[in-house]
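Keep in mind that this is a model prediction, so the values were computed, not measured. The basis for the numbers below is simple: all heavy atoms, side chains too, and nothing from hydrogens, waters or symmetry mates. Count residues from 1 along the sequence.
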Amino acid sequence: MSDEPEAYQTKNQSFCGLEFFVDKRVLIPRLETEQMTKEAIGLVMTNDKIQMTNIADIGTGSGCIAITLAKNLPNAKITAIDISPDALEVAKQNAKTHGVEDQIEFLQGDFFEPLAGKKFDLIISNPPYIPSNDIDTLMESVRDFEPHRALDGGADGLDYIRKLIQDGPRYLAPNGILMFEMEYRHGPAVKKLCPGARIVKDYQGIDRIGILKFKS
Ligand SMILES: C[S@@+](CC[C@H](N)C(=O)[O-])C[C@H]1O[C@@H](n2cnc3c(N)ncnc32)[C@H](O)[C@@H]1O
């Protein structure tokens with residue numbers, strides 16, 4: 001029997017109560033990412049300092065984060081980046097299905113590169129974060145079917161998280177928030193890289209979401 005994930009066979013995955021088209025061009029959206037997205041919606045809605053209307057989603061894949069934010073935050077303008085033109089095709093298709101294509105600008109490029117000169121109230125990312133040497137040990141359904149570009153986070157899995165923490169502030173407006181998903185072992189390293197980070201555990205009690213609030 002094929003280990004091909006059901007979502008690729010049915011070409012559908014639910015995420016935050018919305019249905020997303022998925023195929024082998026994109027990562028299948030995960031429950032942990034739903035949690036981060038809901039956390040982001042809560043943060044934006046309850047932020048008393050500024051109206052958080054300008055949002056960037058780095059590594060958008062199927063567009064699940066950007067589209068869910070757009071549906072729940074009708075005043076938000078979202079810029080969604082991916083290095084993969086194939087993934088962006090899927091994301092654009094999903095944005096159209098959900099009627100939010102006017103709220104989201106999709107840009108192809110390498111991480112922050114398409115954002116030069118822009119500032120955001122919220123930068124959110126579920127970056128590739130699996131250590132390179134662990135890719136071969138993943139379940140076959142993941143290793144053999146999901147795009148490795150969506151998984152591989154470099155030697156310790158932290159390549160993109162370091163980039164988010166080091167370069168992110170340059171793209172944040174005053175009082176901006178940086179939010180990202182991480183691997184279950186990354187909590188201590190993230191705390192070391194950025195002692196001010198708040199780390200939220202997932203439904204299984206595992207370190208999963210990093211949140212950094214910037215003042216200037
Ligand atoms: C873990 S997946 C997340 C996809 C989607 N946001 C989600 O949560 O289901 C990471 C995404 O980052 C993209 N990516 C990988 N390297 C990138 C880079 N250097 N610049 C921009 N996007 C990148 C991949 O193509 C993939 O779509």
Side-chain angles (χ1 to χ4, degrees), residues 3 5-8 13-18 20 22 26-47 55-69 72 82 87 111 122-168 176-214:
D3 283 319
E6 195 185 331
Y8 285 152
Q13 177 67 35
S14 296
F15 184 87
C16 292
L18 300 171
F20 286 84
V22 290
V26 295
L27 189 92
I28 300 167
R30 304 291 206 271
L31 203 57
E32 295 83 356
T33 312
E34 272 196 2
Q35 185 185 345
M36 176 171 70
T37 308
K38 288 177 185 166
E39 191 89 24
I41 293 167
L43 273 179
V44 172
M45 283 180 156
T46 56
N47 196 297
I55 298 175
D57 170 26
I58 318 279
T60 197
S62 62
C64 57
I65 298 174
I67 291 163
T68 304
L69 292 178
N72 284 276
D82 209 288
F111 230 69
L122 171 69
I123 296 177
I124 187 165
S125 180
N126 174 19
Y129 56 62
I130 308 293
S132 305
N133 285 339
D134 289 358
I135 303 272
D136 278 348
T137 67
L138 296 173
M139 285 186 307
E140 282 168 29
S141 58
V142 178
R143 184 195 65 206
D144 296 347
F145 292 94
E146 299 206 75
H148 284 198
R149 200 188 239 174
L151 302 171
D152 193 338
D156 59 1
L158 284 159
D159 280 7
Y160 294 104
I161 289 173
R162 266 190 291 269
K163 217 185 254 246
L164 284 164
I165 292 173
Q166 282 158 11
D167 299 342
I177 296 176
L178 170 65
M179 200 167 182
F180 55 86
E181 200 175 304
M182 68 183 87
E183 202 223 21
Y184 68 100
R185 292 168 289 194
H186 282 157
V190 166
K191 266 287 185 200
K192 209 165 164 192
L193 282 168
C194 194
R198 178 160 76 90
I199 295 182
V200 177
K201 293 189 186 299
D202 66 16
Y203 302 117
Q204 298 184 70
I206 291 166
D207 289 345
R208 186 62 70 184
I209 306 165
I211 305 176
L212 283 82
K213 293 189 180 182
F214 292 86

> Quick one: side-chain contact (heavy atoms from CB on, under 4.5 Å) partners of Q204, sequence neighbours excluded?
Replying inline: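 If we apply the side-chain contact (heavy atoms from CB on, under 4.5 Å) test to Q204, skipping adjacent residues, the hits are E32, D202, I206.
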>> Going by the rule side-chain contact (heavy atoms from CB on, under 4.5 Å), which residues pair with D144 if we only count those two or more places apart in sequence or in a different chain?
In response: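 For D144, the residues satisfying side-chain contact (heavy atoms from CB on, under 4.5 Å) (neighbours in sequence not counted) are E140.
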> Restricting to pairs with a member in residues 131-150, which pass ring-ring contact (aromatic ring centres under 6.0 Å, His included), not counting sequence neighbours?
Replying inline: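 ring-ring contact (aromatic ring centres under 6.0 Å, His included) check on residues 131-150 returns no pairs.
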>> According to ring-ring contact (aromatic ring centres under 6.0 Å, His included), does anything in residues 178-206 pair up with another residue at least two apart or in another chain? List the pairs.
In response: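 Qualifying pairs: none.
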> Do NZ/NE/NH1/NH2 and the carboxylate oxygens of R143 and D3 come within less than 4.0 Å?
Replying inline: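 No.
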> Has N133 got more than 12 heavy atoms of other residues, nucleotides or ligands less than 6.0 Å from its CG?
Replying inline: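 Counting other residues, nucleotides and ligands, CG of N133 stays at 12 neighbours or fewer.
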Quick one: pull up [atom1] in [X] and [atom2] in [Y] and give me the separation to the nearest 0.5 Å.
X: T68; Y: F20; atom1: OG1; atom2: CZ; answer: 4.0 Å
X: C16; Y: I67; atom1: SG; atom2: CD1; answer: 11.5 Å
X: I161; Y: L193; atom1: CD1; atom2: CG; answer: 9.0 Å
X: M36; Y: L43; atom1: CE; atom2: CG; answer: 11.5 Å
X: L151; Y: I135; atom1: CG; atom2: CD1; answer: 5.0 Å
X: D152; Y: D134; atom1: CG; atom2: CG; answer: 10.0 Å

>> Would I65 and T60 count as a side chain to side chain contact (heavy atoms under 4.5 Å, CB included) here? Give the steps.
In response: CA-CA 7 Å; I65 298 174; T60 197; 5.8 Å; no
> Which residue pairs pass the side chain to side chain donor-acceptor pair (under 3.5 Å) test with at least one member in residues 35-44, sequence neighbours excluded?
Replying inline: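 Every pair satisfying side chain to side chain donor-acceptor pair (under 3.5 Å) with a residue in residues 35-44: there are none.
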> Any side chain to side chain donor-acceptor pair (under 3.5 Å) pairs touching residues 187-200, not counting sequence neighbours?
Replying inline: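 Found none.
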So which heavy atom on [X] is nearest to which on [Y], and how close?
X: P127; Y: L164; value: CG-CD1, 4.1 Å
X: Y129; Y: R208; value: OH-NH1, 3.4 Å
X: Y8; Y: L27; value: OH-CA, 4.2 Å
X: V22; Y: P29; value: CG1-CD, 3.8 Å
X: L212; Y: C194; value: CD2-SG, 2.8 Å
X: I124; Y: I55; value: CG2-CG2, 4.4 Å

>> Looking at G154, is its backbone amide N or carbonyl O close enough to the side chain of S132 to form a donor-acceptor pair, meaning the two atoms are under 3.5 Å apart?
In response: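 Here the side-chain-to-backbone pair exists.
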>> With a 4.5 Å cut-off on side-chain heavy atoms, are Q13 and P5 touching?
In response: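 The answer is no, as the side chains (C-beta and beyond) never meet within the 4.5 Å cut-off.
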> Between N47 and I177, is a side chain to side chain contact (heavy atoms under 4.5 Å, CB included) present by the stated rule, with each step listed?
Replying inline: CA-CA 10 Å; N47 196 297; I177 296 176; 3.9 Å; yes
> Run the side chain to side chain contact (heavy atoms under 4.5 Å, CB included) check on I199 and M182 step by step: do they pass?
Replying inline: CA-CA 10 Å; I199 295 182; M182 68 183 87; 4.1 Å; yes
